[in-house]
Amino acid sequence: MDIAFEKKAHVFRLPVYLLDKLKELAAKDRRSLNNYVECLLLDAVYHEPNDTTKASFEEAKAGKLEGPIDSSSVESMLESMGL
């Protein structure tokens, strides 16, 4: 099933250094600048953490985590958090 979304062109002003960096990252990902920026915006607008992540944020804010957190890798971090 192919779903087509209506798209509308719009002009944005961005600092040159930011546009250059976006072009670099898009090329590195082998994507068009338009597609790369669209995906970044979709992630920013529609990213909602799940309930487990929200609970972890609240625990961290409340200072309920004991001991140091090892952030050297995801696996190490989860292990140091007792997960």
Side-chain angles (χ1 to χ4, degrees):
M1 184 164 128
D2 191 19
I3 300 174
F5 293 99
E6 181 181 357
K7 294 190 178 191
K8 183 177 181 177
H10 190 82
V11 176
F12 287 94
R13 293 181 203 204
L14 298 173
V16 173
Y17 74 89
L18 180 56
L19 184 58
D20 289 344
K21 186 64 176 179
L22 288 169
K23 286 178 181 178
E24 175 188 322
L25 293 170
K28 186 176 180 181
D29 239 8
R30 295 185 178 148
R31 295 162 58 189
S32 69
L33 176 62
N34 187 77
N35 176 263
Y36 188 77
V37 172
E38 183 178 354
C39 289
L40 288 175
L41 292 171
L42 285 169
D43 284 347
V45 170
Y46 293 108
H47 178 74
E48 180 71 26
N50 63 27
D51 291 337
T52 302
T53 303
K54 288 178 185 178
S56 295
F57 288 159
E58 293 306 315
E59 281 184 39
K61 286 180 187 175
K64 294 181 181 176
L65 298 176
E66 296 180 18
I69 303 297
D70 182 355
S71 61
S72 61
S73 71
V74 172
E75 293 80 14
S76 299
M77 181 180 74
L78 292 173
E79 186 178 324
S80 68
M81 293 172 67
L83 301 176

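For the pair Leu22/Leu40, a side-chain contact is recorded, criterion being any heavy-atom separation below 4.5 Å from C-beta on. Taking 4.5 Å as the limit, every side-chain heavy atom of Glu24 sits out of range of all side-chain heavy atoms of Asp20. In this structure, Glu59 and Lys54 have side chains that are not in contact, with every pair of non-hydrogen atoms separated by 4.5 Å or more.
Rounded to the nearest 0.5 Å, atoms OG1 (Thr53) and CD (Glu48) are 10.0 Å apart. From Leu42, atom CG reaches atom NE2 of His47 across 13.5 Å, with rounding to the nearest 0.5 Å. Atom CD in Glu38 sits 11.0 Å away from atom CG in Asp43 (nearest 0.5 Å). Separation of atoms NZ (Lys8) and NE2 (His10) is listed at 8.5 Å; rounding is to 0.5 Å.
Applying the side-chain contact (heavy atoms from CB on, under 4.5 Å) criterion to Ser73, with sequence neighbours excluded, gives Glu75, Ser76.
The same ILVMFWY cluster, assembled from side-chain heavy atoms under 4.5 Å apart, contains both Leu14 and Tyr17. Clustering ILVMFWY residues whenever any of their side-chain heavy atoms sit less than 4.5 angstrom apart, transitively, puts Val37 in a cluster other than the one holding Tyr46. Put simply, Leu41 and Leu18 are part of the same group of oily side chains (I, L, V, M, F, W, Y) that touch within less than 4.5 Å, one to the next.
Residue Asp51 qualifies as open at atom CG: its count of foreign heavy atoms under 6.0 Å is 12 or below.
Minimum interatomic distance between Ser32 and Ala26 (heavy atoms only, all atoms of both residues): O-CB, 3.9 Å.
Between the side chain of Asp29 and the main chain of Arg31, no donor-acceptor pair closer than 3.5 Å is present.
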